[in-house]
Amino acid sequence: MVDLVGSTVIAHRLPLSHYMALMTEFVQVMILSFEASGGEVLQHQGDAVLALWPADRTAHAARAALQAHERAARIGLAEMLGLPLQLRAGVAVGK
């Protein structure tokens, strides 16, 4: 799971159209990168994306979580708006 840090503050600072475009780009980048690494996106809501990997692909899930930080930092619209994006990522293994 990934979740954007400070999204409420960002929402208050930006015009609605810019915020919606930013969230759309963020969610798309996360979904595509998770699926490309073998994950299945279970749901996304607002600024959070939840994905699942098979147990035998745990290393891929951990790598995707680490790479999500880099991908968020390079989102084009955020760079254009001068917003450094950070996220929280969590990985759970087991039942």
Is the backbone N or O of Gly76 less than 3.5 Å from a side-chain atom of Glu25, with the two atoms forming a donor-acceptor pair by type?
-> yes
Joint cluster assignment, Met20 & Ile75, ILVMFWY side-chain distance < 4.5 Å | yes
In terms of heavy-atom contacts, Val91 and Ala61 come closest through CG2-O, 4.4 Å
Start with the C-alpha distance between Ile10 and Leu85, add both sets of side-chain angles, then the distance that settles side-chain contact (heavy atoms from CB on, under 4.5 Å), and finish with yes or no.
-> CA-CA 10 Å; Ile10 294 170; Leu85 297 184; 3.9 Å; yes
Joint cluster assignment, Leu16 & Leu22, ILVMFWY side-chain distance < 4.5 Å | yes
Inter- and intrachain pairs under salt bridge (Lys or Arg N to Asp or Glu O under 4.0 Å), touching residues 77-94, at least two apart = Asp3-Arg88
Note: Ala89 and Val2 closest approach over all heavy atoms is CB-CG1, 3.9 Å
Could you tell me which non-hydrogen atom of Leu83 sits nearest to which non-hydrogen atom of Leu14, and how far apart they are?
-> CD1-CD1, 3.7 Å
Please lay out, stage by stage, how Leu87 and Met30 fare under the test side-chain contact (heavy atoms from CB on, under 4.5 Å).
-> CA-CA 11 Å; Leu87 57 83; Met30 294 300 122; 4.2 Å; yes
Any residue meeting ring-ring contact (aromatic ring centres under 6.0 Å, His included) with Phe26, in chain and number order, not counting sequence neighbours = none
So, for Asp47 and Leu4, which heavy atoms are closest and what is the spacing to 0.1 Å?
-> OD2-O, 2.9 Å
Phe34, Leu32: one ILVMFWY side-chain cluster at the under-4.5 Å cut-off?
-> no
Between the CE atom in Met1 and the CD atom in Gln43, the distance rounded to the nearest 0.5 Å is 8.0 Å
Of all heavy-atom pairs between Arg71 and Ser33, which one has the smallest distance, and what is that distance?
-> NE-CB, 3.2 Å
Validation row: Leu50, His44 side chains within 4.5 angstrom (heavy atoms) = no
Heavy-atom donor-acceptor pair, Trp53 side chain to Ala62 backbone, under 3.5 Å | no
Above 12 or not: heavy atoms from other molecules or residues under 6.0 Å from NE2 of His69?
-> yes
What pair of heavy atoms forms the shortest contact from Ser37 to Ala64, and how long is it?
-> OG-CB, 3.5 Å
